[in-house]
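Report on one structure; see the data block that follows.
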Protein chains: 2
Amino acid sequence: MDAKQKIFVAVDAVVFGYIESKLQVLLIKQKYGVMKGKWVLPGGFVKDEEGLTDAVKRELKEETGITVSYHEQLYTFGDDVKRDPRLHVVSVAYLTLVNPSKHTLKADTDAEDAQWFDVNKLPKLGYDHNKIIKVGLERLKGKLTYEPIGFDLLDKEFPFSDLENLYGTILGKEIDRRNFRKKMLSFDLLQETEKMRKEGSGRPAKLFTFNKQKYKRLAKEGFHFEIKYV
Amino acid sequence: MDAKQKIFVAVDAVVFGYIESKLQVLLIKQKYGVMKGKWVLPGGFVKDEEGLTDAVKRELKEETGITVSYHEQLYTFGDDVKRDPRLHVVSVAYLTLVNPSKHTLKADTDAEDAQWFDVNKLPKLGYDHNKIIKVGLERLKGKLTYEPIGFDLLDKEFPFSDLENLYGTILGKEIDRRNFRKKMLSFDLLQETEKMRKEGSGRPAKLFTFNKQKYKRLAKEGFHFEIKYV
DNA sequence: ACAAAAGTGTTCGCTTTACACCCATGT
DNA sequence: ACATGGGTGTAAAGCGAACACTTTTGT
């Protein structure tokens, strides 16, 4: 019962957004501390008597003003005792997805600035945050094929092509539009709306919505979403 | 920079073994503290300047004298601030698999006793450890179908029937022996040995070994182990 | 000879994959 | 009329699921 333990507990969030057909991560520029001026993941120390999930949500709100559409625990980083140069900090990382079109970023409290970065063009971040993002990206790639979380990155109503692009971009694969559409529709989880989106030239696209309630119900009954190799 | 944070970091291990065709969990009986006399998962506080993985391995060695054959981080429990009644403790849980036939359990240090329990006949444990085991079991079930970790629960050389039973027992499903064998062998990751095992009556069984090196190599090249619905 | 566990193939249906042309709109 | 992106079907191959009898040993 080591009541004088000198280890600190932090939370960090890998927040992904899908903007202009690119997968982006939300970073903040540190205002204070050793990492001052460096870009890092939103996050910070957990408060006494505060749960982990509450802590991430608080930090996200404080630092970026974002509301999440999907959230899960990612991994706890604590094998490298020097991942924070000053203190022994164990960080519980979260994977969160947002629909960025809904939000305007606002830097706040500890953050000098908050910005979206293309996940393939990241600067060198503070701490081990490049590694954390890598782990987050792997998880996202993995889950995309067996859980319908891609929808959490899109608008509520979206054209099929957005969904195709999202899968193609994130997984880095060419996808067969016909097969992809057929498979997606076979789950009977997409609802066609009356609306159309016309953008630039080309034929206008029907907009769809994802029926999350139905998915959750089916999932409980043993249904398994799976969109293989895309 | 909250240098007076009063949160403690612990690690706990869900150690599974497969004994007499039953999935078992390793528990220890607490010698000291509020949970004295209760069965709990092996684990304890992380030491200052100690990495998480090192901490679990140390605790396992101290408390049970076991050597692991598979080990991965499971989940970090820290949403419930009162999961430890006295202190705010965040616990990083690990999933570890061992081949119990190699080991003799020995209780040590904090442990009054160490014992295997049938995963379906658990007593009421201290803290939230029943829940942690539940999460561990879910993970094990999930991984069994898409990573070849079942082998880590078996002897190095095993008859096919052990593998069949393991999958059947853990997943709680009847498996078709012919299809299962065909699929397993199709990966070309099992090596037939010269040896046979005869036990009681019945035809003696060829013993196989799993070629882990080959699996790791193939996995890097994109190979995907998958044994669906068994 | 019988009981007990090991070992072995084939058929059917469904899912996956590969693949190319027409449609609706803007310029 | 042409450029741009949206929308659609079919055939072949591969995989998963169902299914029962023979072999080798111990008693």
Side-chain angles (χ1 to χ4, degrees), chain A residues 18 20-22 144-146 148 154-155 157-169 171 173-209 218 222-230, chain B residues 18 20-21 144-146 154-155 157-169 171-209 222-230:
Chain A
Y18 189 69
E20 289 162 13
S21 296
K22 297 257 189 307
L144 219 44
T145 65
Y146 67 90
L154 297 177
D155 288 326
E157 298 182 320
F158 55 88
F160 226 98
S161 55
D162 276 13
L163 193 60
E164 287 166 18
N165 288 333
L166 186 145
Y167 271 82
T169 312
L171 299 177
K173 288 185 188 166
E174 290 291 305
I175 69 174
D176 181 299
R177 286 167 54 228
R178 275 182 289 190
N179 291 339
F180 180 79
R181 189 181 183 112
K182 208 188 312 167
K183 188 75 186 296
M184 270 294 181
L185 291 174
S186 75
F187 297 130
D188 202 23
L189 289 169
L190 296 189
Q191 276 163 251
E192 207 173 310
T193 66
E194 297 302 302
K195 298 173 198 162
M196 294 283 188
R197 177 178 303 171
K198 357 179 191 266
E199 222 165 293
S201 66
R203 179 174 171 175
K206 290 179 205 161
L207 296 184
F208 292 83
T209 58
L218 291 177
F223 165 78
H224 196 201
F225 177 91
E226 175 132 48
I227 183 124
K228 291 207 171 170
Y229 322 124
V230 183
Chain B
Y18 188 69
E20 290 163 12
S21 296
L144 219 44
T145 64
Y146 68 89
L154 296 177
D155 288 325
E157 299 181 320
F158 55 88
F160 226 98
S161 54
D162 276 14
L163 193 59
E164 287 165 17
N165 288 333
L166 185 145
Y167 271 82
T169 313
L171 299 177
K173 288 184 187 165
E174 290 292 305
I175 69 175
D176 181 299
R177 286 169 54 229
R178 276 181 289 190
N179 291 337
F180 181 79
R181 189 180 183 113
K182 207 188 312 166
K183 188 76 185 296
M184 270 294 180
L185 291 174
S186 74
F187 298 129
D188 202 23
L189 289 168
L190 296 189
Q191 276 163 253
E192 207 172 312
T193 67
E194 297 303 301
K195 298 174 199 161
M196 294 282 189
R197 178 177 301 173
K198 358 179 194 268
E199 222 164 293
S201 67
R203 179 173 170 174
K206 290 179 205 160
L207 296 184
F208 292 83
T209 59
F223 165 77
H224 196 201
F225 177 90
E226 175 133 47
I227 182 123
K228 291 208 172 172
Y229 322 126
V230 182

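Bear in mind the structure is a predicted one, so any value in this text is a computation, not a measurement.
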Given atom [atom1] of [X] and atom [atom2] of [N], what is their separation to the nearest angstrom?
| X | N | atom1 | atom2 | answer |
| --- | --- | --- | --- | --- |
| B:F180 | C:dG7 | CZ | P | 13 Å |
| A:K198 | D:dG7 | NZ | C1' | 16 Å |
| B:H224 | D:dG14 | NE2 | P | 21 Å |
| A:R178 | D:dG5 | CZ | P | 18 Å |
| A:K183 | C:dC14 | NZ | P | 16 Å |
| A:E226 | C:dT16 | CD | C1' | 12 Å |
| A:E174 | C:dT17 | CD | C1' | 15 Å |
| B:D176 | C:dC12 | CG | C1' | 15 Å |

Using modelled atom types and a 3.5 Å cut-off, is there a donor and acceptor pairing between side-chain atoms of [X] and backbone atoms of [Y]?
| X | Y | value |
| --- | --- | --- |
| B:Y18 | B:L166 | yes |
| A:D176 | A:R178 | yes |
| B:K183 | B:E226 | yes |

Sub-3.5 Å pairs of nitrogen or oxygen atoms, protein against nucleotides 3-6 of chain C:
unit_1: C:dA4; atom_1: O4'; unit_2: B:S201; atom_2: OG; d: 3.1
unit_1: C:dA5; atom_1: N3; unit_2: B:R203; atom_2: N; d: 3.4
unit_1: C:dA6; atom_1: OP1; unit_2: B:S161; atom_2: OG; d: 2.6

>> Could you work out how much the helix from C:dG13-D:dC15 to C:dT27-D:dA1 bends, comparing the axis of its first five pairs with that of its last five, to 10°?
In response: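 Nearest ten degrees gives 20° for this helix.
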> For atom NZ of A:K22, is the number of surrounding heavy atoms from other residues, nucleotides or ligands below 6.0 Å larger than 12?
Replying inline: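 Count not over threshold, so no.
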>> Once hydrogens and angles are ignored, does a donor-acceptor distance under 3.5 Å link the base of C:dT16 to the side chain of A:K182?
In response: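 No, no donor-acceptor pair under 3.5 Å.
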Taking the side chain as everything from C-beta on, heavy atoms only, tell me whether [X] gets closer than 4.5 Å to [Y].
| X | Y | value |
| --- | --- | --- |
| A:L218 | A:L189 | yes |
| B:T145 | B:L171 | yes |
| B:M184 | B:F225 | yes |

>> List the residues meeting side-chain contact (heavy atoms from CB on, under 4.5 Å) with B:K206, not counting sequence neighbours, and say none if there are none.
In response: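 Applying side-chain contact (heavy atoms from CB on, under 4.5 Å) to B:K206 gives B:E192, B:M196, B:F208.
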> A:N179 or B:N179: which one's nearest nucleotide on DNA chain C is closer to the 5' end?
Replying inline: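 Its nucleotide being nearer the 5' end, the pick is B:N179.
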> Got a second to check how far A:L163's CG is from A:R177's CZ, nearest 0.5 Å?
Replying inline: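 If I round to the nearest 0.5 Å, the distance is 13.0 Å.
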